[in-house]
Amino acid sequence: MRHVWIGMLCAATPAIAHDAQVLGATATETGSGWSVSVTIAHDEAGWDDYADGWRIENAVGDTLGTRVLHHPHANEQPFTRSLSNVSLPEGVESIWIRARTSVDGWGKDRFELKLPAAD
């Protein structure tokens, strides 16, 4: 009976997915806000599990902007996508980027991006 139980337990355990990783980011101030580009890597499994977005957060985790990714990037790893016209609070020195996957939702890790100093 013990072998049957172990087999059933393994069959019922979902595959372990991995968070998408933010490898890098850049931010450029424009006349209409900021343009933020983010490079993400994720072990894509097609439509079953893919990086489906990233967001910009402030130091306490409030969302300042979100980029939705509408399809898998299995054949394009790592990949970079941008978000334009992002409004950031005056005087902010850093923003944080958090990635999301279609299976696990928002990842635990955040990538800190120090903003370029004003000229």
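All of these numbers come straight from a predicted model, not from anything done at the bench.
Trp106 and Ile40 fall into different hydrophobic clusters, where Ile, Leu, Val, Met, Phe, Trp and Tyr side chains are chained together by heavy-atom contacts under 4.5 Å. Cluster membership for Val92 and Leu83, using ILVMFWY side-chain heavy atoms within less than 4.5 angstrom, is shared. In the hydrophobic clustering of this structure, Val22 groups with Leu69; members are Ile, Leu, Val, Met, Phe, Trp, Tyr whose side-chain heavy atoms approach within less than 4.5 Å, directly or through other members.
His42 contributes a side-chain N or O that, together with a main-chain N or O of His18, makes up a donor-acceptor pair within less than 3.5 Å. Although no hydrogens or angles enter the test, the distance criterion places a donor-acceptor pair under 3.5 Å between the side chain of Arg110 and the main chain of Ala59. In terms of modelled atom types and a separation under 3.5 Å, the side chain of Ser102 and the main chain of Tyr50 share a donor-acceptor contact. Distance alone, capped at 3.5 Å, places no donor-acceptor pair between the Arg67 side chain and the Trp54 backbone.
Ring geometry for His71 versus His73: interplanar angle of 30 to 60°, hence tilted.
Annotation for Arg55 and Thr63: closest pair CD-OG1, 3.6 Å, computed over non-hydrogen atoms. Closest non-hydrogen pair, His70 versus Val68, comes out as CE1-CG1, 3.5 Å. Nearest heavy-atom pair across Trp34 and Ala27 is CE3-CB, 3.8 Å. Taking both residues in full, the closest heavy atoms of Ser94 and Glu112 are given as OG-OE2, 2.9 Å, listed atom of the first, atom of the second, then distance. Heavy-atom minimum distance, Ser37 versus Ser82: OG-OG, 2.5 Å. Between Arg98 and Glu57 the shortest heavy-atom distance is NE-OE2, 2.8 Å.
Within the 4.5 Å cutoff, the side chain of Ile56 has heavy atoms near those of the Ile97 side chain. Leu88 is listed as a side-chain neighbour of Leu64, based on a closest heavy-atom distance under 4.5 Å.
Annotation: Glu93, atom CD; neighbour count of heavy atoms from other residues, nucleotides and ligands within 6.0 Å does not exceed 12. Asp43 CG: 12 or fewer foreign heavy atoms inside a 6.0 Å radius. Within a 6.0 Å radius of CG in Asp62, other residues, nucleotides and ligands contribute more than 12 heavy atoms.
Residues passing the ring pair (Phe, Tyr, Trp, His ring centres under 6.0 Å) test with Phe111: none are found, sequence neighbours excluded.
In this structure, the separation between OG1 on Thr39 and CD on Gln21 is 13.0 Å, given to the nearest 0.5 Å. The distance from the OG1 atom of Thr30 to the CG atom of Asn85 is 6.0 Å, given to the nearest 0.5 Å. Annotation: the span from Trp96 atom CH2 to Asp109 atom CG amounts to 14.5 Å, rounded to 0.5 Å.
When each of Leu115, Ile95, Thr26 is paired with Val36, the side-chain contact (heavy atoms from CB on, under 4.5 Å) condition holds for Ile95 and for no other.
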